[in-house]
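In what follows, chains carry the letters A, B, and so on, assigned in the order in which the sequence lines appear, proteins first and then strands, with residues in each chain numbered from 1. Because the structure is predicted, anything quoted here is derived from the model rather than measured. Computed from heavy atoms alone, side chains included, the values below leave out hydrogens, waters and symmetry copies.
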Protein chains: 2
Amino acid sequence: MTPIDQDAPLGRRDLRKQQTRAALTGAALRLCSLRGFDQVTVDDISGEAGVSSRTFFNYFASKEDAVLGDHLVEVDAMRARLAVLLPTMPVLEAIRRAVLLPVAAMEADRDHWFLRMEIIKHSPQLLPRLVLSNAEAERATTEQIAAHLGVDPATHVYPALVVATTSAAFRVAATGWMAAAGARSLGALVDRAFTALAAGLPDPD
Amino acid sequence: MTPIDQDAPLGRRDLRKQQTRAALTGAALRLCSLRGFDQVTVDDISGEAGVSSRTFFNYFASKEDAVLGDHLVEVDAMRARLAVLLPTMPVLEAIRRAVLLPVAAMEADRDHWFLRMEIIKHSPQLLPRLVLSNAEAERATTEQIAAHLGVDPATHVYPALVVATTSAAFRVAATGWMAAAGARSLGALVDRAFTALAAGLPDPD
DNA sequence: AATGAACTTGCAGCCACTGCAAGTTTGTTG
DNA sequence: CAACAAACTTGCAGTGGCTGCAAGTTCATT
């Protein structure tokens, strides 16, 4: 019996898939940060990664997906943490702590994130797509919080509101982090944003 | 001498342009709400509006633009109002009042907005594009507020934070409004969201 | 070794979108 | 009114993202 490791489902086939996927995202980030998103074709990326362009679309639904990546894993982890925290503290505080998971993931993957930042800076059309990738997660989180509070998310604004605003705060912090090229820690920036949120966004001194 | 009306720059040429543009957005909204965004081609829309597909692209940069519309006018008006209000009250309060302009515009254009909502519900890819259309405006507003406060928007998070979160709050209110098919007034929903924001997003009773 | 599933690839094709070079309409000027 | 220029529409040809299909190839299983 082989040990089951969820991080590496073993088999040289799956290994190869991981490699190909990594090669494609790597090529996409490298080429696009160099030439700009619109000046790179899927053929370029596939060629650089050593596969056909048709294969590219077996891995990613769109060129944008290859550049932006999917962050389902981290978001799922955050929701799990949230489920644990919610019963013991106010909603905003629970979110503030749960968001530390994505923060850590981003700081661990900083090289890729800085490239993404570089690309998005020159192709702003990509920014909303990055938001979209979180849209489904936001919906699920909204329902989670609504269930916790025992309210109907369709009639009560609070769950959607707290999710949307914290999400926006996180995005602001992340943008500042990338713009500063990581000079300040993402965690500190997020913390500052949440503090201002919890205080009701008063004018700064 | 003909009266100068800035709403209608007169000349039968400009009139015709307005008509064509309106016909295109009308056709786009109608067809897409009926069949779904992906099931409608630019040819379909252009045909319905009685122009060539090439002409379509003289009016809109993309199929999405025709459906989502541009809201530059309202946003500019809001920023002008904001410039007047900022010196006399806290930032959050100024935004809360300035946002009444877009609110009024949306309520006046409710038929189109409900169609958009219907379309977006079935094609969620469009939602982020709607956000993008505001991205540039958000950036400008951020700088406006930073200038008012006398801080550097690159190092200080507050301006970007207050703009992003209020924008998110507005979006939540608007979504709720469209989901309820206008049963509740948009203004009331926006007001409730801003009240919660100003209170620091405490758990609801 | 054989079988079938998974993966890659070329091909043909749809559609969004663009530049260019007409042709047509409209506002203006002598 | 005639003539000219600017604005607008359109067809055409072409690029590139993206998909379904029908091979081929590679790998895991028995």
DNA chain C: 5'-proximal contact among B:R16 and B:V40 (nearest heavy atom):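 It is B:V40, whose closest nucleotide lies nearer the 5' terminus.
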
is_close_aromatic(B:F114, B:W177), centroid dist under 6.0 Å: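 Judged by ring-centre distance (under 6.0 Å), B:F114 and B:W177 do meet the cut-off.
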
Would you tell me if any nitrogen or oxygen in the side chain of [X] comes within less than 4.0 Å of OP1 or OP2 on [N]?
X: A:T55; N: C:dT9; value: yes
X: A:K17; N: C:dC7; value: yes
X: B:Y59; N: D:dC8; value: no

Specify the separation, in whole Å, of atom [atom1] of [X] and atom [atom2] of [N].
X: A:K63; N: D:dT19; atom1: NZ; atom2: C1'; answer: 17 Å
X: B:R54; N: C:dC15; atom1: CZ; atom2: P; answer: 18 Å
X: A:Q125; N: C:dC17; atom1: CD; atom2: P; answer: 11 Å
X: A:D44; N: D:dC18; atom1: CG; atom2: C1'; answer: 16 Å
X: B:L15; N: C:dT26; atom1: CG; atom2: P; answer: 12 Å
X: A:D14; N: C:dA5; atom1: CG; atom2: P; answer: 17 Å
X: B:N58; N: C:dC20; atom1: CG; atom2: C1'; answer: 12 Å
X: B:F56; N: D:dC12; atom1: CZ; atom2: P; answer: 20 Å

Atom CZ of B:R35 with >12 non-hydrogen neighbours under 6.0 angstrom: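 Yes, enclosed.
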
Test log, rule salt bridge (Lys or Arg N to Asp or Glu O under 4.0 Å), inputs B:R129 and B:D65: CA-CA 9 Å; B:R129 291 275 174 160; B:D65 280 3; over 6 Å; no

Presence of salt bridge, B:E107 and B:R110, under 4.0 angstrom: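 No, B:R110 and B:E107 are not salt-bridged.
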
Derivation and outcome, side-chain hydrogen bond (donor to acceptor under 3.5 Å, both in side chains), residues A:S167 and A:E138: CA-CA 8 Å; A:S167 183; A:E138 284 194 28; 2.8 Å; yes

Nearest-nucleotide pick for B:T41, side chain only, options being C:dC15, D:dT19, C:dC7: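 So the side chain of B:T41 is nearest to C:dC15.
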
Selection from D:dG11, D:dG17, C:dC17 that lies nearest to any side-chain heavy atom of A:F57: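 Selected nucleotide: D:dG17.
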
Sugar-phosphate, base or nothing in reach of B:S53, heavy atoms under 4.0 Å: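 Counting heavy atoms under 4.0 Å across all strands, no contact is made by B:S53.
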
